[in-house]
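Reviewing the structure listed below.
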Amino acid sequence: MKLVIAEKNIAAQKIAQLLADGKPKTDKVYNTQVYRFTVQGEDWVSMGLAGHILAPDFPDEVLFDKKQGWYSVTEDGEVLPADVPDGLARPPYDTKRKPFLANGINIKGWKVESLPYLTWAPIIKKPAEKEIIRVLKNLAKKADHVIIATDFDREGELIGSDALNCVREVAPDVPTSRARYSALIKGEVTAAFDNLVSLDQDLADAGESRQYIDLIWGAVLTRYLTLARFGGFGNVRSAGRVQTPTLALVVERERERMAFVPEDYWQIRGVGAAQGQPETAFKMSHATARFTDRAAAETAFSHVDGATTGTITAVSKRSRKQQPPTPFNTTSLQAAAAAEGVSPARTMRIAESLYMAGFISYPRVDNTVYPRTLDIAGIVDGLSSNSPALRPVCQKVLSGPMKPTRGKTETTDHPPIHPTGQGDPETLDGGQKKLYMLIARRFLATLMGPATIENTKLSIDVSGEPFTASGDVLVDAGFREAYPYGLKRDEQLPPLAEGDAIDVSDIKLEAKQTEPPARYSQGRLVQEMEKRGLGTKSTRASIIERLYQVRYLKNDPIEPSQLGMAIVDALHEFAPRITTPEMTSELEDDMTHVAAGADTQEHVVEHSRALLAGMLDTLIAHKDDLGEAIADAVTADAKVGTCPKCGKDLVMKTSAKTRGSFIGCMGWPECDVTYPVPSGVKVSPIEGEGAVCPECGAPRIKCQPFRQKAYEVCVNPKCPTNFEPDLVVGECRVCAEAGRHGELVAHKSERSGKRFIRCTNYDECGVSYPLPARGKLEATGEVCEHCGAPVVVVQTARGPWRICVNMDCPDKEKKPARGRGARGAAKGGSAKGGTRKSAAKPGAKKTAAKKTTK
DNA sequence: GCAAGGTC
């Protein structure tokens, strides 16, 4: 039997289909899919790995103790690194000499001083995909030939090499070879299997060098930053070859913004309209778009101030064409989705699910050119029958020339991201459907003609001053019919001709200031990373997400936290190599040399280790400074306002006793001011105006609920601005049935700020309902027709909203909440799965409550 | 409790 090892399941399946006599059979080994087929009567089996199946790591016994973590303590209380086995450490840091322990290091200092050990510690490959390895070994034992058919790139060669090492453990003598194909199409794959070669160990070594160097630098610097001032578990301060330069980009942009000196300028703007037709109003502005001289602006304005008429002096029309977009690859999909409010990381999670469900093609690609083999018409046809919303435009595309656009990057491994045309989009959830429609519409747009936009420019004379007005009208939608994303609204101008008089009103002189360079959006940052060679299509999204997770970044557009800036500053000073994209480009050069056999993995890795070791003395010497800088930055990030009592900072704190968070004064214990933290929201300070509550003097804070609009409130729950009198909303049915009288009353908890309805006889009946966190409540006196619970009206930003307060109401069961942002269940508060008692069945508290939460 | 790279 011949065993074919591919990098991923889809490749294993494709290869089987392309090589098989007849149809391959899908089989399972343990729980993993494999494909069995015959080639000229011979039995073959193909399996997909899941990318890298081994992960480089330090051996457990080196600098890692299962109980102590990154350090360990000896029996006599001395803090030491976990033992380094003899012969593992390398010069110049010899384990036996322990040079860094010579001058009596205190316990707090120890952890960082141990880093030299780590720099030279050995690295082993640990199994990362145990199930896959099990299947691989199982099949390898039965194989008489093993063919590595992983992707044709450096990582693919490494993945193949790792797989081969696993195979060798159980089948040391089985012949092995390598199939190199650069496209999963018949000609390529059959040619590759007809011309088998052997695995390129140099190329695999090059990839492995990358793994080692990334781990060494990442682990040493991450441990250094984390331990310089240990902030407790969950407070890792990470660093890495890709993440740190990426963070530095954001910090650099923020610094540019801070250094930016705004310049004053003035604009004169007004409103024009065809004579006597106010409904044709359009915006117009002075021909000098920006006056940098105030006096000149005021002089010009004095001529037109209060003007009511103007004259058209010229009309010019120009039409321009907007070319249809190029096919999506990973980066352009991430950028387009980010513009629609979906982060790159979420985009990739959703894309993966769409791919797995058969709705779209493989989502990790650089390619932006459809291969000739792609059945474009077939896909459009499929879209047409499965997506009624797209049917008209699909029919239009089918009747047109269907000449697809091409992007700049052409590779042959996978086609650009496109819909398969299969599957019913109605079965998708909100996020999936949104992304699917973006991908489907983009695909259609790439097959359509340009959009034609007609621009009209009016030159207007108002009391001797020149004004202009401009309007864009889409005269031929072209691809825009399929792809409305990022489309500007038409600015229609009335039909006017030279010499026409117009009405003019509202002419104003506006003082403005130039804006600093804009912050990166997540989409822009992904593109910038690509431009600078940072990360790959598969990693950029998750690396940005990681920077948010370690709280170096916040908000979108992206801002660095104080912590993020402190980290970049420190590394820039003491380990500058890790902060720039050059480390990646130099690594690329090294890998090229290793792959070409001009250098060795050992040499390249040792050289990188030595560079890092050269920085360690300085890093360690400045450990305390850095620790302090990090602590200060963390405090600054935690600030939510100023203490009304003593003027010190109010910060987010964690209670040592309950582990819960609260807002407390930095002046503690002298000052005892504390506030509760509003639950379920991200809290941030308000700068400048509105920072202090005019009612009570406590700080006002910005609250950002998950995927909902942010709002500002006073932190003080006892403040009159937060106070709402208790409201009777109805009568308790449970009590009524029991022959008691109970009233249902809406309360707001002073401690948590949560709102809920509770029966006045709660101790006996246990009736309580959660309420939406915000919005003025009104009682209706009505009860729900489905469950008998009271109905209330909540005033929301979108207007009044009538709800039955019972989250377990059968009416809600019929339309279960989908995802977190769904109306109804989420607004009522049940999506968070809080504890509450069921009103319908007071006895069975938990069972009933569960249903609507998931 | 570390990175970045694959992919599930």
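A quick note: this is a predicted structure, and the numbers were derived from the prediction, not measured. Proteins get letters first, then strands, A, B, ... in listed order; numbering begins at 1 in each.
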Given atom [atom1] of [X] and atom [atom2] of [N], what is their separation to the nearest angstrom?
X      : N     : atom1 : atom2 : result
A/L118 : B/dA3 : CG    : P     : 13 Å
A/Y212 : B/dA3 : OH    : P     : 18 Å
A/I544 : B/dA4 : CD1   : P     : 12 Å
A/D413 : B/dG6 : CG    : P     : 11 Å
A/I10  : B/dC8 : CD1   : P     : 9 Å
A/Q549 : B/dA4 : CD    : C1'   : 15 Å
A/I213 : B/dC2 : CD1   : C1'   : 17 Å
A/D162 : B/dA4 : CG    : P     : 19 Å

Check whether any side-chain N or O of [X] sits under 4.0 Å from OP1 or OP2 of [N], and answer yes or no.
X      : N     : value
A/Q211 : B/dA3 : no
A/T536 : B/dA4 : no
A/T539 : B/dG6 : no
A/R210 : B/dA3 : no

List the atom of A/V170, the atom of A/A140, and the distance in Å for their closest heavy-atom pair.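 Minimum heavy-atom contact is CG2-CB, 4.0 Å.
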
If you compare all heavy atoms of A/L563 against all heavy atoms of A/V634, which two are closest, and at what distance to 0.1 Å? CD1-CG2, 4.1 Å

A/A239 near the nucleic acid: base, sugar-phosphate alone, or nothing, with a heavy-atom cut-off under 4.0 Å?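 Counting heavy atoms under 4.0 Å across all strands, the contact made by A/A239 is with sugar-phosphate only.
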
So, A/Y362 versus A/N367: side-chain donor-acceptor pair below 3.5 Å or not? no

Listing request: all salt bridge (Lys or Arg N to Asp or Glu O under 4.0 Å) pairs with a residue in residues 574-587 of chain A, at least two apart in sequence or in separate chains.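 Matches after skipping sequence neighbours: A/R577-A/E586.
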
Enumerate the residue pairs fulfilling salt bridge (Lys or Arg N to Asp or Glu O under 4.0 Å) with a member in residues 227-251 of chain A, sequence neighbours excluded, ordered by first and then second residue.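 Checked against salt bridge (Lys or Arg N to Asp or Glu O under 4.0 Å) - neighbours excluded - the pairs reaching residues 227-251 of chain A are A/D214-A/R241.
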
Which residues pass the salt bridge (Lys or Arg N to Asp or Glu O under 4.0 Å) test with A/E208, not counting sequence neighbours?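 Listed in chain order: A/K125.
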
Apply salt bridge (Lys or Arg N to Asp or Glu O under 4.0 Å) to residues A/E545 and A/R349 and explain how you reach the verdict. CA-CA 12 Å; A/E545 195 171 55; A/R349 279 191 291 272; 3.1 Å; yes

Among [options], the nucleotide that comes nearest once only the side chain of [X] is considered:
X      : options             : value
A/R223 : B/dC2, B/dC8, B/dA3 : B/dC2
A/E129 : B/dG6, B/dG1, B/dC2 : B/dG6
A/E7   : B/dG5, B/dG1, B/dT7 : B/dT7
A/S538 : B/dG6, B/dG5, B/dC2 : B/dG6

When the ring planes of A/H622 and A/F574 are compared, do they come out parallel, tilted or perpendicular, using 30° and 60° as the limits? parallel

Pairing residues for A/K531 by the side-chain contact (heavy atoms from CB on, under 4.5 Å) criterion, not counting sequence neighbours: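 Applying side-chain contact (heavy atoms from CB on, under 4.5 Å) to A/K531 gives A/E528.
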
Want to settle it: does A/S542 or A/P245 sit nearer the 5' end of DNA chain B, counting the closest nucleotide to each?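 Its nearest nucleotide being more 5', the pick is A/P245.
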
5'-most contact on DNA chain B: A/G240 or A/N235, nearest heavy atom basis?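 Mapping each residue to its closest nucleotide by heavy atoms, the 5'-most match is A/N235.
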
Within residues 351-364 of chain A, residues whose heavy atoms come under 4.0 Å of DNA chain B: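 Hits under 4.0 Å, by residue number: A/E352, A/M356, A/Y362, A/R364.
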
Among residues 148-160 of chain A, which ones have heavy-atom contacts with DNA chain B below 4.0 Å?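 Residues of residues 148-160 of chain A under 4.0 Å from DNA chain B: A/D151, A/E155.
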
Ignoring hydrogens and angles, are the base of B/dC8 and the side chain of A/N9 linked by a donor-acceptor pair under 3.5 Å? no

